[in-house]
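Presented below is the structure to which this report refers.
Note on naming: letters A, B, ... go to the chains in the order of the sequence lines (proteins, then strands), and numbering restarts at 1 for each one. Because the structure is predicted, anything quoted here is derived from the model rather than measured.
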Amino acid sequence: MRTHNCGELNLSHAGLRVTLCGWVQRSREMGGLTFIDLRDRYGITQLVFNMETNATLCDAARGLGREFVVSAEGIVAERSNKNKKIPTGEIEILVDSFRVLNPSNIPPFTIEDNTDGGEELRMKYRYLDLRRTVNRKNLELRHKMAVETRRYLDSLKFIEIETPYLIKSTPEGARDFVVPSRMNPGNFYALPQSPETFKQLLMVAGFDRYFQIVRCFRDEDLRADRQPEFTQIDCEMAFVTQEDILNTFEGLVHHLFDSVLGRKIETLPRISYEDAMSLYGSDKPDIRFGMTFVEINDLVGGKGFKVFDDAELVAGIKVPGCSGYSRKQLDELTDFVKRPQVGASGLVYIKFEEDGSVKSSVDKFYSRDDFMRVLTEFSALPGDLVLIIAGRKDKTRSALCELRLEMGGRLGLRKTGDFRPLWVLDFPLLEWHEETGRFYAKHHPFTSPVPEDIPMLETDPGAVRANAYDLVINGVEIGGGSIRIHNKDLQKKMFSVLGFSEEQAQEQFGFLMNAFEYGAPPHGGIAFGFDRWTTIFGNGDSIRDYIAFPKNNSGRDVMIDSPSKISEEQLEELNIRLKK
RNA sequence: GGACUGGUAGUUCAGCUGGUUAGAAUGCCGCCCUGUCACGGCGGAGGUCGCGAGUUCGAGUCUCGUCCAGUCCGCCA
């Protein structure tokens, strides 16, 4: 139907007869002249109609509304007024005939880079929103990421194998999306939260390098970076140590930075979970800037300031060059950390003024020497501001983490386009839950403990470290994985620590444990959040912008209006009765 | 489950301590314009102020409830 697309013609094509197809972006009527911007995926080309040379055609062109689908034939001509802003700006098409392939309603919002449409409206008409360049580029980026991922992994002899979507519900982890089985009344499939068990079975089957770019499903509340269905780059390898896995996938990180963004990056720093928590208060630190935590219990305790004396942890950050902060600004920061989402009970400041004097909210408890010792510990210089939070260790760290990120943002230290990937290692194997009074696997129940910590499974399970690792970029968890347990006895012990009875373990994971009795190789793997990684590379705010048809905050697709009710007949057939 | 923010022309928003005819921009329609490209000029149409109660002589504005959207906490092995 077309000889060229709307983004490729230039002066070298002048005089050529062409046919273009596309959508009417906008038309400009000048009395005797009519210009139409014709748009397709590749760009915009200007069509021109002249009242003097063909009044009928020019008149007809004026009947074309926005988003009409048009096929136009004519001669490529050099423009008398060139537009330097677009690649095709030096030429235009002198149209001698055109055809409306399909008219269009007036679109509910303008289909331009700076659209006037709000989010909700654009989601409802997502197919129109996707015509906008920004969204098109986001999906092109996603495609490029997928292609380069496959290229890299294929070059290392990984093979992509599909695993089932209709699987079995398991109690650990996120809530399952569940699918009723018509042929097995009262029974349900679950959609996979990840292909975890299947990729381990593939290792038992001898496919020693597996990957899959695969959809995963979790029935949990949504966020800007969380969708109920999302995509992982899921990988597993046999006959490997943790070091082998980190090196192989550090290679993927380098390859994607290079091939997609055209950037060479340095060897990824590695930090232990414990250090990440004590220096950044987070297991996914944003290391684009410093401001690491300094713990000062010893320096400030026993001076009569009860809040510090009683605190499990007193820690702070040094904010360079902010000693001039006003009372109002400090009050604002105090309010910030006291918000329920941050959860600190207060904020103490020490201003190291330019003239060398010291001002603090706790002046009456400490001498100048006391403050100087603290400031030295922070390596503070005149002009710096130290902000301190105290209380329970975990609360203090998470609040200080929020404050650090906030200050980093205010000082412009979290620069867009600055990428600082790193590995976080040695995660704890287990996590204690107060409400249920038992341990849960922090990663998943097949994660192997660090060998020298295995004896502690009996004595101090909370202190056992795992052979687990996360990839973090700019404060976002991009991926995580572990070396798996391939030994049946160890796996049994793990289930028992998690509070599974032998029968429960057998019922839920018997197929895996049985498989491990038939020569399971040592293996391990990793999975990356493909949507998040793409979003980071695109400098986006929300993974929604990198998914063609995303769900909204309540898990709804407002375009197709789902989820939705189903008929009585369907319910009957599925053997389901709804609560009145 | 919880906190906060928002909901007013097709769209994006403004609308003060409650006050009589609810505005702007853009889009849309009509007329004019031969080099525009965010074209320009003139004119016009377009509103259940999310929904329901309440306070008041009077509610877009205040109160309560409710629905929807967004950000976050919980949750997300």
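- Across the strands present, B/U11 finds its partner in B/A25; the criterion is a Watson-Crick or G-U wobble pair with both atom distances under 3.5 angstrom.
- Put simply, A/F109 does not rest on the base of B/U11: the two rings are not both less than 5.5 Å apart at their centres and under 30° in tilt.
- Of the nucleotides present, B/A3 is the one that pairs with B/U71 by Watson-Crick or G-U wobble criteria, both distances under 3.5 Å.
- Put simply, CG on A/D225 and OG1 on A/T535 are 8.5 Å apart, with the number rounded to the nearest 0.5 Å.
- When both pairing distances are held under 3.5 Å, B/C37 makes no Watson-Crick or G-U pair with any nucleotide shown.
- An OP1 or OP2 oxygen of B/A38 is reached within less than 4.0 angstrom by a side-chain nitrogen or oxygen of A/K85.
- Contact annotation: A/N81 side-chain N/O to B/C37 OP1/OP2 distance is not under 4.0 Å.
- When the side-chain nitrogen and oxygen atoms of A/R226 are compared with OP1 and OP2 of B/C75, none of them lie within a distance under 4.0 Å.
- Side-chain atoms of A/R223 lie closest to B/C75 of the nucleotides B/C75, B/G70, B/C37.
- Atom CG of A/D221 is separated from atom P of B/G1 by 9 Å (rounded to the nearest Å).
- Across all strands shown, B/C76 remains unpaired; no Watson-Crick or G-U wobble contact has both distances below 3.5 Å.
- Donor-acceptor pairing under 3.5 Å, judged by distance alone, is absent between the side chain of A/R26 and the base of B/C39.
- Within the 4.0 angstrom heavy-atom criterion, only backbone atoms of the sugar-phosphate kind lie near A/P108; the bases stay farther away.
- Proximity note for A/Q341 (side chain, C-beta onward) versus B/A3, B/C37, B/U71: the nearest is B/A3.
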